[in-house]
Amino acid sequence: MRILILSALMCALAAGCVKDTQVEFHRGEIGEDCQARNDCASNLVCVRGTCIPSGLGLTPTGKECYRVECAAQADCCKDFVPDPFCPRIKEACDADPMECQWFHDVCECNAACEDGLCVHRSSDCDADEQCNRPGRPFCETGRCVECRAHGDCGQGERCAAGRCEAPCTNDAQCLLLQACVDGSCVQTGCSTDRECIFLFGDGRATCRDKVCRIGCSTSYECGGGFEVCDRGECVFAGCQNDAECRAVLGLAHARDGVRAECR
């Protein structure tokens, strides 16, 4: 049997029916495995072991999407209904400032329009006399707080955002990307890529100009469908019209007075 097969092959070669052919190297298509850029077809790149398109074809527009709920405080308070006993509650407030918190909560709309959003702004007080809680004797911007200045605190303590705190003595007592300066923790920005990797939990993070960023080489490395790789950073692709912003913000259409705006 082996002799017959060998004879047939020799005959075919002699007749020229078997030709010497060169096998062409296969370059990966979309979704196929790769190890290097030239493992993929010319219009693809190798990212995390997979051949993918080299770009999304989007250029950042420089515009952002905004969720718009109001233009004035009246827009936020249009559905507010005061307590039916507000006249009596007001009388109690006028007679005793300690009763005014009740009046503020049920008789006044505490929502404010800030940058197009309705923000709840409940007030604890109007004056120091209304702050009768132990350890919070000062009325500051509508809240009863522990202190206004360092002098309101005990020896060695500092006043920070209305609270008395012991001063820091070293950077280890502060949060990541903060440093202890003159007894207070202040923002300093990043100094190493490692800090940014721990901050974002992403090995691609880098520190540039004291700001943590996610680095990239292609837009397909960026998270979400609305980010592109621009000058080595993942950034929002921007918007061109309100319709695009409705998609970004998940607003199929304007409802309940809420709309999306590109600006």
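Under the disulfide bond (SG atoms under 2.5 Å apart) test applied with C70, the options C118, C76, C113 reduce to a single match, C113.
When hydrophobic side chains of Ile, Leu, Val, Met, Phe, Trp and Tyr are connected at separations under 4.5 Å, I214 ends up clustered with L176, L177, L199, F200.
In this structure, E29 has no side chain to side chain donor-acceptor pair (under 3.5 Å) partners at least two apart in sequence or on a different chain.
In N170, the CG atom is crowded: over 12 heavy atoms of neighbouring residues, nucleotides or ligands sit closer than 6.0 Å.
Contacts classified as salt bridge (Lys or Arg N to Asp or Glu O under 4.0 Å) and involving residues 84-97 (residues at least two apart or in different chains) are given here: K90-D94.
Listed here is the closest heavy atom pair of G183 and R158: O-CD, 3.6 Å.
Between I89 and H104 the shortest side-chain heavy-atom distance does not fall below 4.5 Å.
Under 4.0 Å is where a charged nitrogen must lie from a carboxylate oxygen, and between E146 and R163 no such pair does. In summary, R231 and E233 do not engage in a salt bridge, as defined by a charged side-chain N under 4.0 Å from a carboxylate O. Here E261 pairs with R259 in a salt bridge; the nearest charged N to carboxylate O distance falls below 4.0 Å. Comment: D202 does not engage R213 in a salt bridge, judged by the lack of any side-chain N to carboxylate O separation of less than 4.0 angstrom.
Cluster annotation: L249 and V258 are assigned to the same hydrophobic cluster (Ile/Leu/Val/Met/Phe/Trp/Tyr, side-chain heavy-atom contacts under 4.5 Å, transitive).
The SG atoms of C185 and C174 sit under 2.5 Å apart.
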